[in-house]
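The structure appears right after this line, and notes come after that.
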Amino acid sequence: MFTGIITDQGTLLKRVGGEFEIACHYDPATIELGASIACDGCCLTVIEILNREEEACSFKVDVSPETIDVTTLANWVEGQKINLERALKMGDEFGGHIVSGHVDGKAVIRSKTEVGNSYQYQIEAPEDLKIFIAAKGSVTLNGVSLTVNEVDDNIFGVNIIPHTYAETTWHHCKVGDEINIEVDMLARYAIRASQAIKSGNVKN
């Protein structure tokens, strides 16, 4: 489980088939085999730690064909920066919203407007996900927990504050880029329950 608060920007060092090697700035002593790390919002399992030097830590993850199909990982290239977040531990500050790391699909950046020191983005969601996106609700984009400003059909707006823009990969994102999207877990279950009630599949 994650919160959508990015704690590091990693770098893709190597990609061989479904295996990805990612450099990070985490203390290697704190990373265990089998640990979950969200990479641009995708919950991936550490299968090997390749460097244990504090200034040169890297880890390897194994990515399934399903994950590659559903996410932007198919387009990752060596040298690319990646948003990283460690799995939530008991007692950690809960600063974003509940994020599973199970990406629902790929959204597209349709516009980017600088407003003061911040940036406003218009994002196009896949048609099957628009029902889960609501104004003032939460959404995870490339692993970052964001608040939805407004919604018009499958287009919605988010605002990136200066800190988030500088400390995540959003300063690399361009109009037309595909990004990973995970809808709010609470919205998913609320809509599911609503549909079940309407269809008469819920029994008292």
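Computed from a predicted structure; not experimentally measured. Atoms considered below: every heavy atom in the structure, side chains included; atoms not considered: hydrogens, waters and symmetry mates.
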Item to check | Partners passing salt bridge (Lys or Arg N to Asp or Glu O under 4.0 Å) against D8 (at least two apart in sequence or in another chain) | outcome: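 Here no residue qualifies.
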Item to check | Listed partners of E78 passing salt bridge (Lys or Arg N to Asp or Glu O under 4.0 Å), at least two apart | outcome: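 Listed in chain order: nothing, the list is empty.
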Next on the checklist: Once rounded to the nearest 0.5 Å, what's the spacing between atom SG of C43 and atom NE2 of H102?
Outcome noted: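 One gets 5.5 Å once the value is rounded to the nearest 0.5 Å.
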Checklist entry - Rounded to the nearest 0.5 Å, how far apart are CD1 of I82 and OG1 of T169? => result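 If we round to the nearest 0.5 Å, I82:CD1 and T169:OG1 are 9.0 Å apart.
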Specify the closest pair of heavy atoms between [X] and [Y], including all atoms of both residues, with the distance to one decimal.
X    : Y    : result
C39  : I22  : SG-CD1, 3.8 Å
C42  : L73  : SG-CD1, 3.4 Å
G176 : V108 : O-CG1, 3.9 Å
C173 : N142 : SG-ND2, 4.2 Å
C24  : L84  : CB-CD1, 3.7 Å
V139 : E182 : CG2-O, 3.8 Å

Counterpart residues, side-chain hydrogen bond (donor to acceptor under 3.5 Å, both in side chains), relative to [X] (two or more places apart):
X   : result
T3  : E85
E21 : S58
T67 : S64
T71 : none

Checklist entry - According to the salt bridge (Lys or Arg N to Asp or Glu O under 4.0 Å) rule, which pairs have a member within residues 166-180, sequence neighbours left out? => result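 Listed by first then second residue: K174-D177.
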Checklist entry - Among pairs that include at least one residue of residues 30-39, which meet salt bridge (Lys or Arg N to Asp or Glu O under 4.0 Å), considering only residues two or more places apart or in two chains? => result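 Salt bridge (Lys or Arg N to Asp or Glu O under 4.0 Å) check on residues 30-39 returns no pairs.
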Find out whether [X] and [Y] are in side-chain contact, i.e. whether some heavy atom of one side chain is under 4.5 Å from a heavy atom of the other.
X    : Y    : value
K60  : V46  : no
I179 : I123 : yes
H171 : K81  : no
L146 : T140 : no

Next on the checklist: Checking I68 against V63 for the side chain to side chain contact (heavy atoms under 4.5 Å, CB included) test, could you report, in this order, the C-alpha distance in whole Å, the side-chain angles of both residues, the deciding distance, and whether it holds?
Outcome noted: CA-CA 7 Å; I68 290 177; V63 183; 3.5 Å; yes
Main-chain N/O of [Y] paired to [X] side chain as donor or acceptor, under 3.5 Å:
X    : Y    : value
R86  : T30  : yes
N83  : G143 : no
N180 : D40  : yes
T168 : W170 : yes
E19  : V16  : no

Next on the checklist: With clusters defined by side-chain heavy atoms of hydrophobic residues (ILVMFWY) lying less than 4.5 Å apart, directly or transitively, does V183 cluster with V70?
Outcome noted: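 Each belongs to a different hydrophobic cluster.
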Item to check | Within one Ile-Leu-Val-Met-Phe-Trp-Tyr cluster: V61 and V103, side-chain cutoff 4.5 Å | outcome: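 No; tracing contacts between hydrophobic side chains, which count when under 4.5 Å, never links both residues.
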Item to check | Worked check of side chain to side chain contact (heavy atoms under 4.5 Å, CB included) between V144 and T164 | outcome: CA-CA 9 Å; V144 181; T164 302; 3.9 Å; yes
Let me have the donor-acceptor pairs involving side chains of residues 147-162, under 3.5 Å, with sequence neighbours excluded, atom names and distances please.
unit_1 : atom_1 : unit_2 : atom_2 : d
E150   : OE2    : Q122   : NE2    : 2.8
D153   : OD1    : K130   : NZ     : 2.8
N154   : ND2    : A125   : O      : 3.1

Checklist entry - Taking the hydrophobic residues Ile, Leu, Val, Met, Phe, Trp and Tyr, and joining any pair whose side-chain heavy atoms are under 4.5 Å apart, which ones share a cluster with V99? => result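 Members besides V99, by chain and number: F2.
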Next on the checklist: What verdict does the side chain to side chain contact (heavy atoms under 4.5 Å, CB included) test give for C57 and I31, after you've listed the backbone C-alpha separation in whole Å, the side-chain angles of each residue and the deciding distance to 0.1 Å?
Outcome noted: CA-CA 10 Å; C57 178; I31 302 175; 4.0 Å; yes
Show the atom names and distances, to 0.1 Å, of all donor-acceptor pairs under 3.5 Å that link a side chain in residues 109-117 to residues at least two apart or in another chain.
unit_1 : atom_1 : unit_2 : atom_2 : d
R110   : NE     : E124   : OE1    : 2.5
R110   : NH2    : E124   : OE1    : 2.7
K112   : NZ     : Y165   : OH     : 2.8

Item to check | side chain to side chain contact (heavy atoms under 4.5 Å, CB included) assessment of I181 paired with K106 | outcome: CA-CA 6 Å; I181 180 172; K106 291 175 283 190; 5.9 Å; no
Item to check | ring pair (Phe, Tyr, Trp, His ring centres under 6.0 Å) contacts touching residues 60-90 (sequence neighbours left out) | outcome: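 Applying ring pair (Phe, Tyr, Trp, His ring centres under 6.0 Å) to every pair that reaches into residues 60-90, excluding sequence neighbours, yields F20-W76.
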